[in-house]
Visitor: 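Please find one structure pasted underneath; my questions will follow.
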Amino acid sequence: MDNKQQNTLPQQQSQSNSTPVQQLPVTPPTQTPGVAPEPSIPPVPQAPQTPAPDSSVSIDAQLYPQGAMQQGTTPSTQPSEVSQRIASWYEPSTDVPLSTQPAPTQVESTPIIPGQEPVTPPTPQPITPEVAQSPSGAASPWEIPASPVSASSQDVPLTPIAGAEPEQAPQQEMPVTPSPIVQPEQTAPQKVVEAVPQVINAPSQGSVPPKSPVTPPASPFHEESHHGLVPKPLKLILGVLAVLVVLFFVVKLVGGLFHGGSSGKVTLTYWGLWEDNNVMQSVISDFERENSNIHVNYIKEDPKEYNQRVLTRIQDGNGPDIFRYHATWLPEMLPALLPFSKDVISKDDLTKNYYPFIRNDIVKNGAVYGLPLEIDTLAMYVNTDLFDKAKVDVPSTWDNFITVARGLTEKDASGKIQVAGASIGTFDNITHAPDLVSLLLVQNGVDLASMSPAQNASDALTFYTSFAKDQTSIWDDTLDPSQLGFARGNIAMYFGYSWDVFAIKAANPNLNFKIYPVPHLPGRDTTIASYWVEGISSKTKHPKEAMLFMKYLARKDTLTKLHTEEAKTRLFGELYPRIDLADSLKDNPLAVPFVSQSKNAMSSFFAGETHDTGINAQMNGYLGNAVRSVLKDTSPDTAIETLTKGVSTVLQQYGQTQQQQ
């Protein structure tokens, strides 16, 4: 952006003599607190090859016009079986039920109905009456069921045929077996004693058999034995029944594996970071009451090197089913994450009820990879006692900020700062320094992935470091860390997040302060968001139950109860990630300033206080070196050029490109 435009960062007057421009050597960045190493940049490492994103998930360019990072994965860490689950959630179902056996061939026959005369053929020759047979079109009770639900013992009525005399007729029609019906052998017509056809009826108890019984043709359903007539298909029936039982259990097993496990007791391991077990257990217990077959084991993890521990444990197959991660970690966490099903959160719900920066951060290639239970934004803390003493107003623009910060700064006779007007200008002793530099960069129109326009980035870096240079400085690297200095009453303005309230109150309960939105350029009131997301492991053995638990956590009543439980142990609970819950915090003066900025917030991978060893630590290493080099009189343009190369190196390492950001 052109410096002549009115919405650029204001330039501060500098009384220092010009110094030669120093080029930054190519050495690895360091992050040793309190030590300003030489400006450096490591050689560009080889970026790992990453598999192409799953084609089953489509890119929704209209819904996410700002672009989304494509899936960057590390080879051998992305499980191949996940792709089928993704396809089932984002594409129309193509499941084909188990095939059924073909229906038996229709056999046309005219059964002889008791009590009626049989149809006489046109020829005068006598014929042998046909034996009554089962209807050929009836549904077979041995057909393979279309779904595992219908396959049960009740679906297969088995009625063994009792033995009878040769002249007896069966009481029930025999059901047709799935195998083709064998036609009875045709016999030559025989002369009968009587010319009138006999009506075949089952003889009753004690009745006298007819004088001249008609000998029927041999039935394919029976064979003779010394016990009389024995059901020939009995073995076939038992065999089909055994097959059905086996199929039933196979279908149940396969269905259980596809849907994430059996219907027995399931235990989900849930890794958190900040909330104690007694707080989380209140909402977990409600979920377990609603889902008696699922138990959730919540574990509060140590935040130190947490990101690397999660990745290692998941890769080894003994990690959590559900875990918390920082929203900016998505590029490195992507191989370990399972995209959410549409049943957990729909795109419409995400767009309508969640803040825009959340959608931009956790939606990649049309898939949602997590949901936050809280958010936070960078705001400005003000020491009201110092402001009342100086009788000045709280600044809302950066022009006013310069004037007020200098006016509130107090120095002793030797020039040492006793009271700082604001904590801004250095890197190692400022809490949230990466976030604060990001704030100036994005407000000055800089794209953080490409660090362009380069001139806008250089102007922002010049503005930031000017507060710690020369005779007009209001801050230096000899002062206490900014959060501690503000809690002690030695800083007039401090930049922090909502959770800083609890630390400051704990350090000095008597400190009088208020919180305001950060200063801004005309028409640019953007701030920085930093928040954590709950994700599901790509290697969970219970994806169905994990999805069910995440759907429960995303409910409004669950978020409300969690906030209430958190507020029992501190001044207020986590800030809601849903826009439709923002009004419930309007009566809390400590929470309102953070919530009021949320619609215009955006996240930055220059994020402090994440305790990670991955993308944030690497990005902050390059950014810290840029700030330190300018404080040592390196040209801001040169520092930005070196920083840009470092950012590109990190993005390539995690399979990202500048165009994908």
Side-chain angles (χ1 to χ4, degrees), residues 10 12 376-426 428-433 435-436 439-440 464 466-468 471-520 525 527-528 567 570-572 575 585-597 608-609:
Q12 295 196 59
D376 215 338
T377 62
L378 192 69
M380 186 171 68
Y381 288 64
V382 167
N383 184 315
T384 55
D385 291 337
L386 294 177
F387 269 78
D388 292 342
K389 178 181 178 181
K391 297 181 180 180
V392 294
D393 296 329
V394 176
S396 60
T397 66
W398 290 111
D399 282 321
N400 294 337
F401 178 85
I402 296 172
T403 303
V404 173
R406 287 178 175 174
L408 293 176
T409 300
E410 300 178 8
K411 298 181 180 180
D412 60 16
S414 63
K416 183 175 177 59
I417 299 174
Q418 301 297 313
V419 176
S423 53
I424 182 173
T426 63
D428 298 302
N429 63 338
I430 292 182
T431 311
H432 315 304
D435 311 73
L436 184 51
L439 172 67
L440 296 175
Y464 179 83
S466 64
F467 291 98
Q471 300 299 321
T472 60
S473 64
I474 65 170
W475 186 262
D476 60 45
D477 56 11
T478 66
L479 299 174
D480 291 332
S482 59
Q483 187 186 85
L484 177 60
F486 184 80
R488 290 176 173 176
N490 299 327
I491 302 174
M493 291 178 286
Y494 162 81
F495 295 92
Y497 290 100
S498 67
W499 52 267
D500 290 331
V501 171
F502 314 127
I504 292 171
K505 282 288 188 181
N508 186 359
N510 298 321
L511 181 68
N512 297 317
F513 66 90
K514 292 183 179 180
I515 304 171
Y516 296 85
V518 295
H520 59 84
D525 52 357
T527 191
I528 297 298
R570 52 183 186 258
L571 293 173
F572 54 89
L575 307 181
L585 301 175
K586 63 182 180 180
D587 295 330
N588 189 327
L590 293 175
V592 167
F594 302 101
V595 176
S596 66
Q597 303 179 112
E609 314 305 317

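Hydrogens, waters and symmetry mates are skipped; everything else that's a heavy atom, side chains included, is used.
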Visitor: Can you confirm if the aromatic rings of Phe495 and His432 lie within a centre distance of less than 6.0 Å?
Guide: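 Distance test on ring centres: not under 6.0 Å, no.
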Visitor: Has the side chain of Asp435 got a donor or acceptor atom that lies under 3.5 Å from a matching backbone atom of Gly608?
Guide: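 At least one qualifying donor-acceptor pair exists.
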Visitor: Compare every heavy atom of Thr377 with every heavy atom of Phe594, then report the nearest pair and how far apart it is.
Guide: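 Here Phe594 and Thr377 meet closest at O-OG1, 2.9 Å.
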Visitor: CG of Leu575 to CG of Leu585: how many Å apart, nearest 0.5 Å?
Guide: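 The CG atom of Leu585 is 6.5 Å from CG of Leu575, to the nearest 0.5 Å.
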Visitor: So, taking the atom named CD1 in Ile430 and the one named OH in Tyr494, what distance separates them when rounded to the nearest 0.5 Å?
Guide: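 One gets 10.5 Å once the value is rounded to the nearest 0.5 Å.
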Visitor: To check you understand the geometry: which heavy-atom pair defines the closest contact between Leu479 and Ala420, and what is its length?
Guide: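 Where Leu479 meets Ala420 most closely, the heavy atoms are CD1-CB, 4.4 Å.
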Visitor: Quick check: closest heavy atoms across Ala503 and Gln483, and the distance to 0.1 Å?
Guide: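 Minimum heavy-atom contact is CB-OE1, 3.7 Å.
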Visitor: Using side chain to side chain contact (heavy atoms under 4.5 Å, CB included), reason through Arg488 and Asn508 one step at a time and then give a plain yes or no.
Guide: CA-CA 7 Å; Arg488 290 176 173 176; Asn508 186 359; over 6 Å; no
Visitor: To check you understand the geometry: which heavy-atom pair defines the closest contact between Gly425 and Phe467, and what is its length?
Guide: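 Nearest pair, atom of Gly425 first, then Phe467: CA-CB, 4.3 Å.
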Visitor: Considering residues, nucleotides and ligands other than Lys514, do more than 12 of their heavy atoms fall under 6.0 Å from its NZ?
Guide: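 Not more than 12 within 6.0 Å, no.
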Visitor: Would you give the length of the straight line joining atom OG1 of Thr527 to atom CG of Asp376, rounded to the nearest 0.5 angstrom?
Guide: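 Rounded to the nearest 0.5 Å, the OG1-CG separation comes to 9.5 Å.
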Visitor: Once rounded to the nearest 0.5 Å, what's the spacing between atom CD1 of Ile424 and atom OG of Ser473?
Guide: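 Answer for the CD1-OG pair, Ile424 versus Ser473, is 13.0 Å.
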Visitor: Between Glu609 and Tyr497, does a side chain to side chain contact (heavy atoms under 4.5 Å, CB included) hold up when you go through it step by step?
Guide: CA-CA 11 Å; Glu609 314 305 317; Tyr497 290 100; over 6 Å; no
Visitor: Just how far is it from atom CE of Met493 to atom OH of Tyr381, taken to the nearest 0.5 Å?
Guide: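 Answer rounded to 0.5 Å: 15.5 Å.
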Visitor: When rounded to the nearest 0.5 angstrom, what distance separates OG1 in Thr426 from CH2 in Trp475?
Guide: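 Taking OG1 in Thr426 and CH2 in Trp475, the distance rounds to 6.5 Å.
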Visitor: Going by distance alone, is a donor N or O of one side chain under 3.5 Å from an acceptor N or O of the other, for Ser414 and Asp412?
Guide: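 Yes, because at least one side-chain N or O of Ser414 sits under 3.5 Å from a partner of the opposite role on Asp412.
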Visitor: Under a 3.5 Å distance rule, please check whether Asp525 uses its side chain to pair with a backbone N or O of His520 as donor and acceptor.
Guide: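 Here the side-chain-to-backbone pair does not exist.
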Visitor: So which atom in Ala405 and which in Ala422 form the shortest heavy-atom distance, rounded to 0.1 Å?
Guide: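 Taking Ala405 first and Ala422 second, the nearest heavy atoms are CB-CB, 4.3 Å.
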Visitor: Does anything in residues 498-511 form a salt bridge (Lys or Arg N to Asp or Glu O under 4.0 Å)? List the pairs, not counting sequence neighbours.
Guide: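 Listed once each, the pairs would be none.
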Visitor: With side chain to side chain donor-acceptor pair (under 3.5 Å) as the test, pick out the partner of Asn512 among Asp385, Asn383, Thr384.
Guide: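 So the option named by the test is Asp385.
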Visitor: What pair of heavy atoms forms the shortest contact from Leu511 to Ile504, and how long is it?
Guide: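 Heavy-atom minimum between the residues: CD2-CG2, 3.7 Å.
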Visitor: Please tell me whether Trp499 and Phe502 form a close aromatic pair, meaning their ring centres lie under 6.0 Å apart.
Guide: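 No.
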